[in-house]
Amino acid sequence: MVRDNPSSSPAVIAVAGVYNNKESCMKRRDILAAAGVGLAATALAGCQKQNESTETQGGAPAETFTWKMVTSWPKNFPGVGVGAERFARLVNEMSNGRLQVKIYAAGELVPALEVFDAVSRGTAEMGHGAPYYWKGKVPAAQFFCALPFGPNAQEMNAWLHYGGGMALWEEVYKPFGVVPFACGATGVQTAGWFNKEINSVDDFKGLKMRTPGLGGEVLTKMGGTVVNLPAGEIFTALQTGAIDATEWIGPYNDLALGLHKAAKYYYTPGWQEPNVTFELTVNQAAWDKLPADLKAIVRAAARDVNGDVLDDYNARNMEAMEKLKAEGVEVRRLPDAVLARLREVAAEVVEASAAADPAAAKVWAQQKAYLKRLRDYAEDNEKLIYNIRT
């Protein structure tokens, strides 16, 4: 669900009233990162409309850009797909039309799982997907996306934006001519939909499941078989028995896909993905051609969407779970013994995956150290409040 245009809020109106000349407009650009992305982004958009001189450079018309964005999502897909659409709209509005982004859903220009390649080779200037989709080409990519029993959305954002994660991400993607940005997060997911009960670790043996990334490698080590499928193919595969189980994101998207009509059991918690961070990717050559102000707009819009998608999932997952339960869906918790074994195997898989690739090893060493510090703080504070609140 797309939120109302923030330009109508009293805070934005107040800011717009203070900054009403060219010099102030320039100052507003300077505070873009510090003032809160949604507020500052809207202020910048208003500034451009107030000051027609932003549309010219030395008296000549400013250069305009029309970019293609390929995505891994079906058209108008709730949550992550709507987030990509929000990004394009924000960029179009904030740039006053100087940078226009046209979105292509999965399969319209390139297949869902080929977004990274399309941006790398310049077929499209932009892409929106999940980093672990291209782990076969970039093994370190999945460490910026989701780790089984790994960081939640807040921890991942802290590491990326204040713990050195973004610099590492840019370093990993540089050889492919791609510039990354965090652009959406799911929060804690569910363990998924199953057509067989999970009562012990033995129930994973022979299980055919759609689950990507390192979580999929854990399933393989547990004796299961991973089947990688984009969102649009999951329901049919589950309904026909091509797969025995699937996880996608959580109740919001699962309800939209109708997965409760194709599987009997809905398990929690989402051990395999305590969060998925989605990415905006930009072709390096295209990025280098943008003037500084348009680059700032792209950064601001990505940061806005990164938070907005998480907010959307938090709100809509709650509502969707209520609907699923009302329709008779039984939500089950994975047994403690199963979770304990999954945690052991996950630790082995993550360490082995990092050790197999020099770039991944560098990323994981830095990330692991930072996450330990975050978790030490959580033990002293956040975990306590979760355990005692009612």
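Starting from 1, each residue takes its place in the sequence as its number.
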Item to check | Nearest heavy-atom neighbours spanning G258 and F235 | outcome: O-CE1, 3.1 Å
Checklist outcome for this item: Correct closest heavy-atom pair for G241 and K208 would be O-NZ, 3.5 Å
Next on the checklist: Can a side-chain donor-acceptor contact be found between E273 and T186 if the only test is distance below 3.5 angstrom?
Outcome noted: no
Item to check | Least distance between heavy atoms, G129 atom then W73 atom | outcome: CA-CZ2, 3.6 Å
Item to check | From CA spacing to verdict: side chain to side chain contact (heavy atoms under 4.5 Å, CB included), Y265, I198 | outcome: CA-CA 9 Å; Y265 308 107; I198 303 296; over 6 Å; no
Checklist outcome for this item: Output for pair (I297 CD1, R299 CZ), nearest 0.5 Å, gives 11.5 Å
Checklist entry - Parallel, tilted or perpendicular for F144 and W169, by the 30°/60° rule? => result parallel
Item to check | CG-CZ distance between D380 and R375, expressed to the nearest 0.5 angstrom | outcome: 14.5 Å
Next on the checklist: I'd like to know if the side chain of Q100 pairs up with that of T66 as donor and acceptor (distance under 3.5 Å, no hydrogens or angles considered).
Outcome noted: no
Item to check | Over all atoms of both residues, closest heavy-atom pair of E247 and T190 | outcome: CB-O, 4.2 Å
Checklist entry - Just wondering, are more than 12 heavy atoms of other shown residues or ligands nearer than 6.0 Å to CZ in R373? => result no
Next on the checklist: For Y267 and F194, take the angle between the two ring planes, folded into 0 to 90°, and tell me which bin it lands in: parallel under 30, tilted 30 to 60, perpendicular over 60.
Outcome noted: perpendicular
Checklist outcome for this item: Rounded to the nearest 0.5 Å, the CE atom of M156 sits from the CG atom of L310 at a distance of 12.5 Å
Checklist entry - Mind checking whether Y266 and P251 have side chains closer than 4.5 Å, heavy atoms only? => result yes
Next on the checklist: Between L255 and R316, does the side chain to side chain contact (heavy atoms under 4.5 Å, CB included) criterion hold? Intermediate values first, please.
Outcome noted: CA-CA 10 Å; L255 181 63; R316 307 312 170 196; over 6 Å; no
Item to check | K137 vs F116, side chain to side chain contact (heavy atoms under 4.5 Å, CB included): CA-CA, chis, key distance, verdict | outcome: CA-CA 9 Å; K137 178 181 289 291; F116 184 87; 3.9 Å; yes
Item to check | Residues Y313 and N253: side-chain donor-acceptor under 3.5 angstrom | outcome: yes
Checklist entry - Less than 6.0 Å separating the ring centroids of W134 and F176? => result no
Item to check | SB check E344 R341 (cutoff 4.0 Å) | outcome: yes
Next on the checklist: Name the residue from T64, N92, D293 that meets the side-chain hydrogen bond (donor to acceptor under 3.5 Å, both in side chains) definition with R98.
Outcome noted: D293
Checklist entry - At their closest point, which heavy atom of V82 faces which heavy atom of N76, and how far apart are they? => result CG2-O, 4.5 Å
Checklist entry - Checking side chain to side chain contact (heavy atoms under 4.5 Å, CB included) for the pair L90/V305: CA distance, chi angles, key distance, verdict? => result CA-CA 9 Å; L90 283 172; V305 171; 4.3 Å; yes
Next on the checklist: Quick check on the hydrophobic clustering: are V80 and V188 connected, directly or via other members, by side-chain heavy-atom contacts under 4.5 Å?
Outcome noted: no
Checklist entry - Could you give the distance from CG (L280) to CE (M69), rounded to the nearest 0.5 Å? => result 5.0 Å
Checklist entry - Same cluster for Y386 and L384 if Ile/Leu/Val/Met/Phe/Trp/Tyr side chains link at under 4.5 Å? => result no
Next on the checklist: So, taking the atom named CG in L160 and the one named OH in Y370, what distance separates them when rounded to the nearest 0.5 Å?
Outcome noted: 10.0 Å
Checklist entry - So which pairs with a foot in residues 190-203 pass salt bridge (charged side-chain N to carboxylate O under 4.0 Å, His left out), sequence neighbours left out? => result E197-R332, D202-K205
Checklist entry - Taking only residues at least two apart or on different chains, which pairs with a member in residues 350-371 satisfy salt bridge (charged side-chain N to carboxylate O under 4.0 Å, His left out)? => result E171-K362, E351-K368
Checklist entry - Salt bridge between K289 and E125, side-chain N to carboxylate O under 4.0 Å? => result no
Item to check | Path from V331 to V338 over hydrophobic side-chain contacts below 4.5 Å | outcome: yes
Item to check | Plane angle bin for F77 and W248 - parallel if under 30°, tilted between 30 and 60°, otherwise perpendicular | outcome: perpendicular
Checklist entry - Atom CZ of R89 and atom CD1 of I103: how far apart are they, to the nearest 0.5 Å? => result 9.5 Å
Checklist entry - Closest heavy-atom contact between G187 and N275? => result N-OD1, 3.0 Å
Next on the checklist: Are the side chains of N306 and H161 in contact, using a 4.5 Å heavy-atom criterion?
Outcome noted: yes
